[in-house]
2 protein chains.
Amino acid sequence: MVRKKAKLAYIENDSSRRVTYQKRVKNLVKKTRELSVLCGVDACAIIYGQDEQVPVVWPSSEEEAKRIISYYNSKSDLDPSQRGFNQYTFLNDSVIKAKGKGC
Amino acid sequence: MVRKKAKLAYIENDSSRRVTYQKRVKNLVKKTRELSVLCGVDACAIIYGQDEQVPVVWPSSEEEAKRIISYYNSKSDLDPSQRGFNQYTFLNDSVIKAKGKGC
DNA sequence: CATACTATCTATAATCG
DNA sequence: TCGATTATAGATAGTAT
């Protein structure tokens, strides 16, 4: 979209498509967060990546996951089994919620 | 975010916030569509505007609604009562689906 | 109010390591 | 394949209309 005109069509090349996907997902989530903060609205973004089992979900997987991780990191003296209940479990739960009852 | 440094905080001024909201929602939807097309993934964006009864939902309210409208426009010889089953009804249906079972 | 304008800032495709 | 770089197209806050 920069040194060559954008065509807005499916990117056939696998590696190019993956790189573009990662860059754009990152910024799409960022934009969603900005809109939410700036305008005080509830916004939700869900992206089902091709090869990923867990879709990217905002706000859950981004903001809330970070919060969870920070929480557990700050409690490094916590019972290891409790700390094991972590990002993976949380993310799966988020996805189920997102699929089951919207955002 | 341009002539003044961005602060990424809630915009207090009502009119400014509304204008910013409209601009950003438009582009957020555009970005979502681009990601979906470029990378061949399913992406979904839902924004619950403050004063609007119907949230902005993509792909439903954007792509599919246009499809529906185009469909009815192309059938201008259709029974008027059938054409009356139009954008409004469809959008409500989309929102219900989005809220009820995800994207 | 809503649009249009425009000076800047941001996103990003291509490239290199 | 991923991260860093860079040049350019795109997004946007403030302002004008």
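Residue numbers begin at 1 in each chain, while the letters A, B, ... track the order of the sequences. We use all heavy atoms of the structure for the numbers below, so side chains are in, but hydrogens, waters and symmetry mates are not.
- Using a 4.0 Å heavy-atom distance criterion, A/Ser16 is classed as making no nucleic acid contact.
- When the nearest nucleotides of DNA chain D are assigned to B/Val19 and B/Asn27 by heavy-atom distance, the more 5′-ward of the two goes with B/Asn27.
- The rotation axes computed at either terminus of the helix from C/dA2-D/dT17 to C/dG17-D/dC2 lie 30° apart, taking five pairs at each end and rounding to 10 degrees.
- Remark: C1' of D/dT12 and CD of A/Glu34 are 11 Å apart, rounded to the nearest angstrom.
- In this structure, B/Tyr21 places its OH atom 18 Å from P of C/dC1, rounding to the nearest Å.
- The NZ-C1' distance, from B/Lys23 to D/dT15, rounds to 10 Å in whole Å.
- Backbone-only contact: B/Lys30 has heavy atoms under 4.0 Å from sugar-phosphate atoms and none from a base.
- When rounded to the nearest whole Å, the span between CD of A/Gln22 and C1' of D/dA4 equals 15 Å.
- As rounded to whole Å, 14 Å separates atom C1' of D/dT12 from atom CG of B/Leu28.
- Between the CG atom of A/Leu8 and the P atom of D/dA9 there is a distance of 17 Å, given to the nearest Å.
- D/dA11 atom P lies 12 Å from atom CZ of B/Arg24, rounded to whole Å.
- Within 4.0 Å (heavy atoms only), B/Arg18 reaches no atom of the nucleic acid at all.
- Rounding to whole angstrom units, CG of residue A/Leu35 and C1' of D/dA13 are separated by 15 Å.
- Looking at heavy-atom distances under 4.0 Å, A/Thr20 makes contact with sugar-phosphate atoms alone, never a base.
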